[in-house]
*Asks:* 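Please read through the structure below; I'll follow up with questions.
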Amino acid sequence: TSRGTKMDPQAPGCEPLVPEAADGALQRRPGDCGAVRSMEAAVQNGVKGIDADCGGSCSCATCHGYVDVAWRDRIEPADAVELDMLDFAYMRDEGSRLTCQIKVNDGSEGLLIRLPQAQA
Ligand code: FES
């Protein structure tokens, strides 16, 4: 049966990261999302500001976002490759991550990611 989802088949029923009306931040809504990556969830929902030029292979930094301070210790930390690539991110700060490297799953309900102004 069709569940009418826009997400990929690996994440049926997923209610992924969606833009918040107020400031354009992305927030992980409740729901069974499997393990998709933030960038993929956002791109599939037409979020402006995530170009993801490299398709998620951690080599472009056009999926840069700022993880809310409450979430920085609750998601997997950036690895060395991501940290190197973040050097190319515009307006990098302590919350900067490449959203293609952040997994969203059941444990990340409420995850909040803001996008850089220049990227939005
Ligand atoms: Fe290129 Fe994330 S999509 S680094």
Side-chain angles (χ1 to χ4, degrees):
T1 63
S2 170
R3 301 185 66 175
T5 176
K6 287 186 290 185
M7 295 301 299
D8 71 61
Q10 292 177 323
C14 177
E15 186 75 46
L17 291 170
V18 294
E20 289 281 283
D23 60 0
L26 307 175
Q27 185 154 37
R28 170 79 169 86
R29 292 279 174 82
D32 174 15
C33 216
V36 298
R37 300 198 179 247
S38 306
M39 175 278 285
E40 292 164 358
V43 167
Q44 288 175 30
N45 278 275
V47 171
K48 292 192 178 76
I50 296 189
D51 290 338
D53 290 341
C54 76
S57 60
C58 201
S59 57
C60 74
T62 62
C63 64
H64 176 210
Y66 304 114
V67 174
D68 185 77
V69 65
W71 281 91
R72 290 174 195 171
D73 294 336
R74 296 173 65 184
I75 57 176
E76 285 176 41
D79 63 16
V81 175
E82 181 181 348
L83 290 173
D84 279 352
M85 190 50 56
L86 275 167
D87 286 340
F88 297 96
Y90 179 73
M91 300 279 284
R92 180 181 180 178
D93 79 9
E94 321 82 71
S96 289
R97 292 293 305 268
L98 298 178
T99 59
C100 70
Q101 303 302 305
I102 302 174
K103 291 194 188 89
V104 291
N105 52 39
D106 292 344
S108 56
E109 187 176 312
L111 170 64
L112 191 61
I113 302 173
R114 296 181 176 84
L115 299 179
Q117 284 296 326
Q119 209 170 253

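Order of listing sets the numbers, starting from 1, for every ligand and every atom in it.
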*Asks:* Would you indicate whether the side-chain heavy atoms of V67 and I75 approach each other to under 4.5 Å?
*Replies:* yes
*Asks:* Tell me which pairs pass salt bridge (Lys or Arg N to Asp or Glu O under 4.0 Å) where either residue lies in residues 52-65, with sequence neighbours left out.
*Replies:* none
*Asks:* Ignoring waters, how many N, O or S atoms from the protein are under 2.8 Å from atom 1 (Fe) of ligand 1?
*Replies:* 2
*Asks:* Less than 4.5 Å apart, any side-chain heavy atom of T99 and any of H64?
*Replies:* no
*Asks:* Quick one: does any side-chain atom of T62 pair with a main-chain N or O of A52 as donor and acceptor, under 3.5 Å?
*Replies:* yes
*Asks:* What residues form a side chain to side chain contact (heavy atoms under 4.5 Å, CB included) with D93, not counting sequence neighbours?
*Replies:* Y66, S96
*Asks:* With sequence neighbours excluded, tell me which residues meet side chain to side chain contact (heavy atoms under 4.5 Å, CB included) with D79.
*Replies:* V81, E82
